[in-house]
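In what follows, chains are A, B, ... by sequence order, proteins preceding strands, each numbered from 1. The figures that follow rest on heavy atoms only: side chains count, while hydrogens, waters and symmetry mates do not.
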There are 2 protein chains.
Amino acid sequence: MRISARADYAVRAALQLAAARDAGPLKAEAIAEGQGISHKFLEGILGDMRKGGLVQSQRGGNGGYWLARPAEAISVAEVIRCVDGPLVSVRGERPPDLAYTGPAESLLPLWIALRASVRAVLGVSLAEVAAAELPAEITALTRDPEAWTNP
Amino acid sequence: MRISARADYAVRAALQLAAARDAGPLKAEAIAEGQGISHKFLEGILGDMRKGGLVQSQRGGNGGYWLARPAEAISVAEVIRCVDGPLVSVRGERPPDLAYTGPAESLLPLWIALRASVRAVLGVSLAEVAAAELPAEITALTRDPEAWTNP
DNA sequence: CCTTTTCCTACTTGTTCGGTGGGGTTGTGG
DNA sequence: CCACAACCCCACCGAACAAGTAGGAAAAGG
């Protein structure tokens, strides 16, 4: 259950774009520097986000990237899916495509529940994260000090 | 956010062992056949679980594997961690080791919340899954028909 | 025309994934 | 004590993926 560098970078870039909403297009170089990401690598990620319809771009002189929709209408989950495919997969397949037998039968509902819960958390909008105003259900999860410790 | 084949197989093997609790040791070959897993590959996984203290084994004539603890006292999360390392990692690092700046600052709490929610779901015991009696909070997540559909 | 910046394709290097094969070691039954 | 059944412990393998890198073509603006 790892979040890839692509996904992490994509979300951070999207947050940067959300924050610079009214400052016109943002250059890839500026985002890369602002977040400490390899510029060329980020360019590829932004390209995927453009193909996925999340951002738009303009070349030349004072070009750059901007969000295709308001930051309130883009979820973190969408960004991750855009650059990394399905949010949760088991052995490369989406949960509903799996079949289990015997005592493992109710493993499928468990994976489904897992996916639903991941979806719920990552359903937050870029605006909420950028403004540091996460929904109450999410902050509730971070309240427990044990959530911040490694097992 | 993918569950590897190792993790999936490990949990299924553990469930098989949980179900055969009172039938004495279970041979790797039997588990492999029962779950449609490559026998040699499974052997490696069971080896990891033994080193992790989750199962015990006996060689020779009618040897095999059995759970080291009652199935009520082993969580799915433990099994996955045993064979695959940390449950949730971002770019290979555990969330508390990350540092974000600027508009991405509250991305860290989001990853923490994500991990907490994953932990909550996978905290179920092998006994609960094997008996198909998931806790109410988990089944509640599977109630929504949308949880079963791909986006 | 010249600069800037995005866009595209290809390549690299290292690691992981899923799996296989062979041989050693320990236990049981005859 | 001997054969056999199982676990145990490597070593290896091909394919895929991850995280970048490099170089240039194409558009926009001055």
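- Rounded to an integer number of Å, the gap from B:Ile45 CD1 to C:dC17 C1' is 11 Å.
- In this structure, the CD atom of B:Glu93 is 12 Å from the P atom of D:dA19, given to the nearest Å.
- Atom C1' of nucleotide D:dA16 and atom CZ of B:Arg2 are separated by 10 Å, given to the nearest angstrom.
- The residues A:Glu78 and A:Arg81 are annotated as not salt-bridged, no charged nitrogen and carboxylate oxygen being separated by less than 4.0 angstrom.
- Side chain of B:Arg115 to main chain of A:Ala147: a donor-acceptor pair is present (N/O by atom type, distance under 3.5 Å, no hydrogens or angles).
- Residue A:Arg50 places at least one side-chain N or O closer than 4.0 Å to OP1 or OP2 of C:dC8.
- As rounded to whole Å, 12 Å separates atom P of D:dC17 from atom CG of A:Asp84.
- A heavy-atom distance below 4.0 Å to DNA chain D is reached by these residues of residues 25-44 of chain B, ordered by number: B:Lys27, B:Ala28, B:Lys40, B:Glu43.
- With hydrogens and angles ignored, the 3.5 Å screen pairs no side-chain donor or acceptor of A:Trp66 with any backbone N or O of A:Gly24.
- Residue B:Tyr9 has a polar side-chain atom (N or O) positioned under 4.0 Å from OP1 or OP2 of C:dG19.
- Atom CG of B:Leu87 is separated from atom CZ of B:Arg94 by 10.0 Å, given to the nearest 0.5 angstrom.
- Whole-Å rounding puts the B:Leu17 CG to D:dC7 P distance at 11 Å.
- Formation of a donor-acceptor pair under 3.5 Å by the B:Ser106 side chain with backbone atoms of B:Pro109 is not found in this model.
- Looking only at distances, a side-chain donor or acceptor of B:Arg12 sits under 3.5 Å from a matching main-chain atom of B:Gln35.
- If you check residues 55-69 of chain B against DNA chain D, the residues with a heavy atom closer than 4.0 Å are B:Ser57, B:Gln58, B:Arg59, B:Gly60, B:Gly61, B:Gly64, B:Tyr65, listed by number.
- When the P atom of D:dC8 is taken as reference, atom CE of B:Met49 falls 12 Å away, rounded to whole Å.
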A:Leu54/A:Leu67 under side-chain contact (heavy atoms from CB on, under 4.5 Å): CA gap, chis, key distance, verdict: CA-CA 6 Å; A:Leu54 290 183; A:Leu67 294 180; 5.9 Å; no
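- A:Tyr9 contributes atom OH, which lies 7.5 Å from atom CD1 of A:Ile45 (distance to the nearest 0.5 angstrom).
- Protein atom CG of B:Asp48 is 11 Å distant from nucleotide atom P of D:dC9, rounded to whole Å.
- Judged as a salt bridge (Lys or Arg N to Asp or Glu O under 4.0 Å), and not counting sequence neighbours, A:Asp97 has no contacts.
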